[in-house]
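Input: a single structure, listed below in structure tokens.
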Amino acid sequence: MTVRVRFAPSPTGYLHIGSARTALFNYLYARHTGGKFLLRIEDTDLARSTEESTRSILDGLAWLELDHDEDIVFQSDNADKHRATAKKLLAEGKAYRDFTPKAAPSVANVKDAIKDRARAAQGEKNMRDNQYRDLSNDESNARAAAGEPFAIRLKVAATGKTLFEDAVYGIQERSYAETEDLVLLRSDGHPLYNLAVVCDDIEMQITHVIRGQDHLTNAHKQVLIYEALGITPPTFAHLPLIMAPNKGKLSKRKHGEVVSMTTYRDAGFLAAAFRNFLALLGWSAGEEKEIYSLDELIEKFALDGIHRSNAIFNFTENDPRRWTDDKAQWMNAEYIRTMPLDELISFVKPELKAAKLWREEYEDDDKSWFENTIKLIRQRFFTLKDFSSQGRAYFSEDYDFDPVAVEKNLSKFPDLKTWLPELADRFEAEFGEAESVSSPHVSKGSVAYTEENIESVVKAFTEEKGTKLGVIMNGARTLLTGVAVGPSMLSLFETLGKERSILRLRSQVVWNV
RNA sequence: GUCCGGUUCGUCUAGGGGUUAGGACACCGCCCUUUCACGGCGGCAACACGGGUUCAAAUCCCGUACCGGAUACCA
């Protein structure tokens with residue numbers, strides 16, 4: 001039997017981190033087993049479902065490259081089938097009409113209201129005391145024919161228990177007494193979640209239901225429906241939940257952007273890195289290894305490596321440096337500095353394009369210069385965004401000066417105002433005239449413009465001025481790149497090229513601010 | 001309340017009767033680098049608690065505490 005799994009989000013918001021991981025695990029399991037990964041949009045709650053959410057979820061999945069097989073199923077399209085199933089159960093006496101008037105929709109906090117009611121019942125509630133449960137067929141039919149509204153409830157046996165083996169949590173038992181006669185069909189004819197899920201999973205021939213642990217009790221209800229239908233339930237695998245740093249619920253409302261997949265895409269994360277991070281949240285291959293390619297994840301993924309305890313997604317609100325999980329950030333930086341250069345460049349290109357820093361020459365005449373530059377600066381970058389922000393001075397003459405860097409490396413040494421242009425003269429004398437900035441990498445001087453030669457020129461110059469090398473180097477770095485941090489000054493001079501280095505050494509703009 | 005689950009460094013986790021309880025991130029120190037990183041080396045840091053079982057318990061059993069989930073004519 002080939003494995004068929006599904007990711008079934010309800011479109012009530014963007015794809016958040018927990019759902020993304022559920023999708024990932026489903027995807028990995030399907031690919032690992034050579035099965036199918038299906039997508040079903042559970043849009044039966046018309047009031048809350050939006051097309052925009054659906055699109056956003058699809059975007060998130062696309063970014064993570066979790067491509068699904070077969071057509072997307074929209075649950076609302078199957079409402080008639082769900083209703084038919086409920087009617088069938090009713091006809092077979094496995095469900096009954098409940099003529100109890102629908103309770104007024106409870107106010108503000110539905111969750112709390114339910115909890116309060118449950119607590120008030122003190123565990124003495126009899127789940128089988130519905131007065132319509134054993135209504136005669138004739139009377140039930142008569143009332144229905146008379147137009148009296150009714151919900152359809154599953155007739156759960158008074159004694160016994162549901163039992164299934166969860167692939168993650170093991171044997172799960174629940175006494176029938178704990179389970180109400182769940183509503184299958186609302187009095188307005190609207191099919192409810194558990195019915196819809198079971199019907200669709202059957203129709204889609206789902207073999208493994210991999211979803212959040214918050215559905216564990218739903219699994220019991222669903223097993224009941226499967227039993228009533230006489231169909232063997234799929235294998236369930238419930239996933240531990242991803243919690244906020246305070247161990248509380250990670251919610252869109254409370255935590256906002258940090259839980260949204262689009263945030264990571266827009267912040268310059270690599271899908272591969274984020275996937276890798278997500279995979280390790282609640283699952284482990286049981287080895288001391290952190291970096292896994294997609295192929296490796298697919299190869300190693302197994303249900304028995306999934307944990308039973310919740311994991312915390314660690315981040316610090318209002319801390320720009322810790323706005324998201326440290327490990328996710330590290331993972332992304334690790335990918336940026338170690339992934340194949342070609343691959344990285346395919347992501348850097350759109351980033352530079354978006355920042356209007358891209359030039360076609362980077363794939364043509366200046367290809368090797370571009371590659372070397374990326375290789376040089378990727379070492380200290382964390383996200384794709386860094387290439388257009390911190391890396392701006394490499395791709396444009398129009399870059400900003402960090403006031404702190406200027407103060408620390410330039411203003412403190414007023415001599416640099418004349419020294420740096422002098423150094424430019426020295427470069428010119430040594431390496432030849434600056435021709436133009438259009439081909440900054442081409443060096444035409446008598447002496448080769450290499451790190452080694454640059455070093456001796458700078459060193460001689462430093463001695464002559466009776467200053468420290470650091471003063472010159474740091475001053476030049478700030479003048480040439482606008483910031484106090486960056487690659488070694490020598491490789492910076494070389495990478496920027498003779499012409500651009502000379503031009504920038506002579507620049508007086510920063511002194512006039 | 002009831003039912004279900006969980007609990008190993010701050011975080012993600014390995015281990016599952018005998019280990020100096022391992023790794024990663026974060027943090028700290030040293031080296032490298034006349035910057036900042038990267039890299040290298042090192043450090044800090046954990047088996048929730050109480051009872052059993054056993055020669056031996058982080059590991060098995062029971063209980064307690066704490067945390068989480070569920071408990072709808074929501075999904």
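Only this structure's heavy atoms are used, side chains among them; waters, hydrogens and symmetry mates stay out. Below, chain A is the first sequence line, B the second, and so on; all start at residue 1.
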Exercise. Return the nearest nucleotide to the side chain of A/Arg322; candidates are B/A75, B/C27, B/G5.
Key: B/C27

Self-check item: Shortest side-chain distance from A/Gln213, nucleotide among B/C74, B/A75, B/G5
Solution: B/G5

Quiz item: Would you say the side chains of A/Ser53 and A/Thr50 form a donor-acceptor pair under 3.5 Å?
Solution: yes

Self-check item: Watson-Crick or G-U wobble mate for B/U20, both contacts under 3.5 Å
Solution: none

Exercise. Give the nucleotide from the list B/U71, B/G23, B/A75 with an atom nearest to the side chain of A/Arg48.
Key: B/A75

Quiz item: Taking the side chain of A/Arg174 as heavy atoms from C-beta outward, which of B/C73, B/A14, B/C3 is closest to it?
Solution: B/C3

Quiz item: Between B/G23, B/C73, B/C25, which one does the side chain of A/Trp330 approach most closely?
Solution: B/C25

Quiz item: Just checking A/Met331: base, sugar-phosphate only, or nothing, at a heavy-atom cut-off of under 4.0 Å?
Solution: nothing

Quiz item: Atom CG of A/Leu184 to atom P of B/C74: distance rounded to whole Å?
Solution: 13 Å

Quiz item: Between atom CD1 in A/Ile306 and atom P in B/C12, what is the gap in whole Å?
Solution: 17 Å

Quiz item: Are the aromatic ring centres of A/Phe269 and A/Tyr335 under 6.0 angstrom apart?
Solution: no

Practice problem: Look at the side-chain N and O atoms of A/Thr217 and state whether any lies under 4.0 Å from the OP1 or OP2 oxygen of B/C4. | Solution: no

Practice problem: Would you kindly check whether a donor in the side chain of A/Ser187 faces an acceptor in the base of B/C73, or vice versa, at under 3.5 angstrom? | Solution: yes

Quiz item: Can the ring centroids of A/Phe313 and A/His16 be said to lie less than 6.0 angstrom from one another?
Solution: no

Quiz item: Looking at the side chain of A/Glu334, which of B/C25, B/U13, B/G39 is the nearest nucleotide?
Solution: B/G39

Quiz item: In Watson-Crick or G-U wobble terms, both distances under 3.5 Å, what is the partner of B/C25?
Solution: B/G10

Quiz item: Nearest of B/U7, B/C74, B/A26 to any side-chain atom of A/Lys102?
Solution: B/C74

Quiz prompt | Donor on one side chain, acceptor on other, A/Gln75 and A/Asp200, under 3.5 Å | solution = yes

Quiz item: Any N or O donor-acceptor pair linking the side chain of A/Lys247 to the base of B/C67 at under 3.5 Å?
Solution: no

Quiz item: Roughly how far apart, to the nearest Å, are B/G50 and B/C55 at atom P?
Solution: 22 Å

Quiz item: With a 4.0 Å cut-off on heavy atoms, is A/Arg477 in touch with a base, just the backbone sugar-phosphate, or nothing at all?
Solution: base

Quiz item: Does A/Asn218 make a side-chain donor-acceptor contact with the base of B/A75, cut-off 3.5 Å?
Solution: yes

Quiz item: Reckon A/Tyr169 touches a base, only the sugar-phosphate, or nothing at all at heavy-atom distances under 4.0 Å?
Solution: sugar-phosphate

Exercise. Give A/Pro245 one of three labels, base, sugar-phosphate or nothing, depending on what nucleic acid heavy atoms sit under 4.0 Å from its own.
Key: nothing

Quiz item: Can you check whether A/Ser140's main-chain N or O pairs, donor with acceptor, with A/Tyr132's side chain at less than 3.5 Å?
Solution: no

Quiz prompt | Which nucleotide in B/C27, B/C73, B/G39 has an atom nearest any side-chain atom of A/Arg153 | solution = B/C73

Quiz item: Considering only B/G69, B/C25, B/C3, which nucleotide approaches the side chain of A/Glu178 most closely?
Solution: B/C3

Quiz prompt | Interatomic distance where CG belongs to A/Leu182 and P belongs to B/A72 [whole Å] | solution = 10 Å

Self-check item: No-H, no-angle donor-acceptor pair, A/Arg380 side chain to B/C38 base, under 3.5 Å
Solution: no

Quiz item: A/Ala484 near the nucleic acid: base, sugar-phosphate alone, or nothing, with a heavy-atom cut-off under 4.0 Å?
Solution: base

